[in-house]
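Keep in mind that the numbers below use all heavy atoms, side chains included, and drop hydrogens, waters and symmetry copies. Note that this is a predicted model, so its numbers are computed, not measured.
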Amino acid sequence: MKMKKVFRRFLIAAFILGGIMGAVFALAASESGNIKNPEMVKEVASGKQTTANAAWWGFNDTDATEALQSAINSGAKKVIVPNMGKDWMVRPIKLVSNQEIEFHKGVVVTAKKGEFKGGNDCLFRADNLKNITLTGYGAILRMQKDDYMKSPYQKAEWRMVLEFSSCDNIKILGLTLKDSGGDGIYLGVANKEKPYCSNVLIKDVVCDNNYRQGISVISAKNMTIENCTFKNTWGTAPEAGIDLEPNFNTEALSNCLIKNCVFENNKGAGIAFWLSSLSRKSDPLSVKFENCRITSEKGGGIFVGGIKEDGPLGLIEFNGCKVENTASYGAQFYGKAADRALIRLRDCSWKNVALSSNDAPVQIVLNKRGETEKQGGIDFVNCRVEDTKNRPAIAATGRDTGYTVKNLAGTITVKNPNGAKMDLGPITEEIALKVK
């Protein structure tokens, strides 16, 4: 008798527990299930549910714009974009402040074919926003680069995968960004009151096969780019892995750190600066590259240009960076005023670079535009060049300008069967650089 009571109680308990577990699993399926769910949409709208699944608004495999944009606009603190087994085909999407978007592993968000006709149409855009996190380890955001390069599309270079202008507290983590009609990522300016993006973290990101740059940094303060790869950029100049290029002297490159990144097979420079828009009135430069690697069978290594006599002060640093196997220059400094911002390269190396020409691996190009007569201001601290061609390790070009190479310091150790050479031209000042 006692055994029957115990067994009966066990059955009742099991039934109750099963009901509870079933309800829990049903709720979990409802909250994370990738199906249209008006009830959960209402929960999000009321504020009871702070995490939204974009599929709750109804996934459409031919055009998922409405579902994804509605989820973003819902007020949810976090939006999940689930793997539906098919691409999220979308028209241009606008981001909002104070939101995290998590793209699940295997998710592909694709720019819808036939759309993005506007020259500034971006896959995801954020202007004057703050507190945005985009996370997507194993996820891809891609556009239709080949389409944008032909009719009926008008030529444009601003169809970005991700565009942020005058934004604050931005995180981009783990995503692959590819096939844009512009840049993989663009950090720019949307208003004069905040002429920069600030507090930006870009980590574990891949920018692949973009049209203009892997990433353009127009104006940024407190930016870190870490463990990223920028590769296969080609389409329209400058075609760099990363291009740091302010448009006005009110913009800034301050406290910017790029570390442990790879710049691979870009048609232009792996790393490029063009700074002619900055002036003495601009904030001092503060940009550091650490432990980065550049290689390209199509393009060059490090390019810094356009620091005029009226240019900014500050420091651009390259620490422990390696440039190997590039078709073009290993490093080129173009029209860089000797007495303005300093460039310092510490423990950097160039190996088998400038393979397509007999130009020196490290080049100082004396700009003919008349912007500055004394060019240089570069420190080489314990740097190294490995080469097999009979040429100088570092040389100046554009000597017919009559300009002066000034203020070079440090040491470049050369491994070359033809010996260690330097050729800075006939007019030099304050040269403390040793090539040995």
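By the 6.0 Å and 45° rule, Lys117 stacks over the aromatic ring of Tyr153. Both cation-pi conditions hold for Arg159 and Tyr148: the charged atom is under 6.0 angstrom from the six-membered ring centre and inside a 45 degree cone around its axis.
Residue Trp88 holds its CH2 atom at 9.5 Å from CD1 of Ile93, rounded to the nearest 0.5 Å. Remark: Tyr334 OH to Gln375 CD distance equals 9.0 Å, nearest 0.5 Å. For the atom pair Thr372 OG1 and Tyr403 OH, the distance stands at 8.0 Å (nearest 0.5 Å). Rounding to the nearest 0.5 Å places SG of Cys197 at 10.0 Å from CD1 of Ile218.
Side-chain contact, Ser198 with Asp168: a donor N or O sits under 3.5 Å from an acceptor N or O. Under the 3.5 Å distance criterion, with hydrogens and angles disregarded, no donor-acceptor pair is assigned to the side chains of Asn266 and Ser296.
The residues Arg125 and Glu163 are annotated as salt-bridged, a charged nitrogen and a carboxylate oxygen being separated by less than 4.0 angstrom. Under a 4.0 Å N-O distance rule, the pair Arg212/Asp243 does not qualify as a salt bridge. Under 4.0 Å is where a charged nitrogen must lie from a carboxylate oxygen, and between Lys112 and Asp63 at least one such pair does. The pair Glu102-Lys78 counts as a salt bridge, with a side-chain nitrogen and a carboxylate oxygen less than 4.0 angstrom apart.
Taking the six-membered ring for Trp and thresholds of 30 and 60 degrees, Phe303 and Trp274 have nearly parallel ring planes, at less than 30 degrees apart.
Cys261 and Asn227 make their closest contact through SG-N, 3.9 Å (heavy atoms, listed as atom of the first residue, atom of the second, distance).
For the pairing with Arg142, the side-chain hydrogen bond (donor to acceptor under 3.5 Å, both in side chains) check across Asp208, Thr110, Asn209 returns one residue only, Thr110.
More than 12 non-hydrogen atoms from other residues, nucleotides or ligands lie less than 6.0 angstrom from OH of Tyr137. Atom NZ of Lys155 has more than 12 neighbouring heavy atoms from other residues, nucleotides or ligands inside a 6.0 Å radius. Atom CD of Glu429 sits in a crowded spot, with more than 12 heavy atoms from other residues, nucleotides or ligands closer than 6.0 Å. For Lys267, the NZ atom sits in a loose shell: 12 or fewer heavy atoms of surrounding residues, nucleotides or ligands are nearer than 6.0 Å.
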Would Asp147 and Lys113 count as a salt bridge (charged side-chain N to carboxylate O under 4.0 Å, His left out) if you check the C-alpha gap in whole Å, the side-chain angles of each, and the deciding distance to 0.1 Å? CA-CA 8 Å; Asp147 289 357; Lys113 274 185 168 291; 2.8 Å; yes

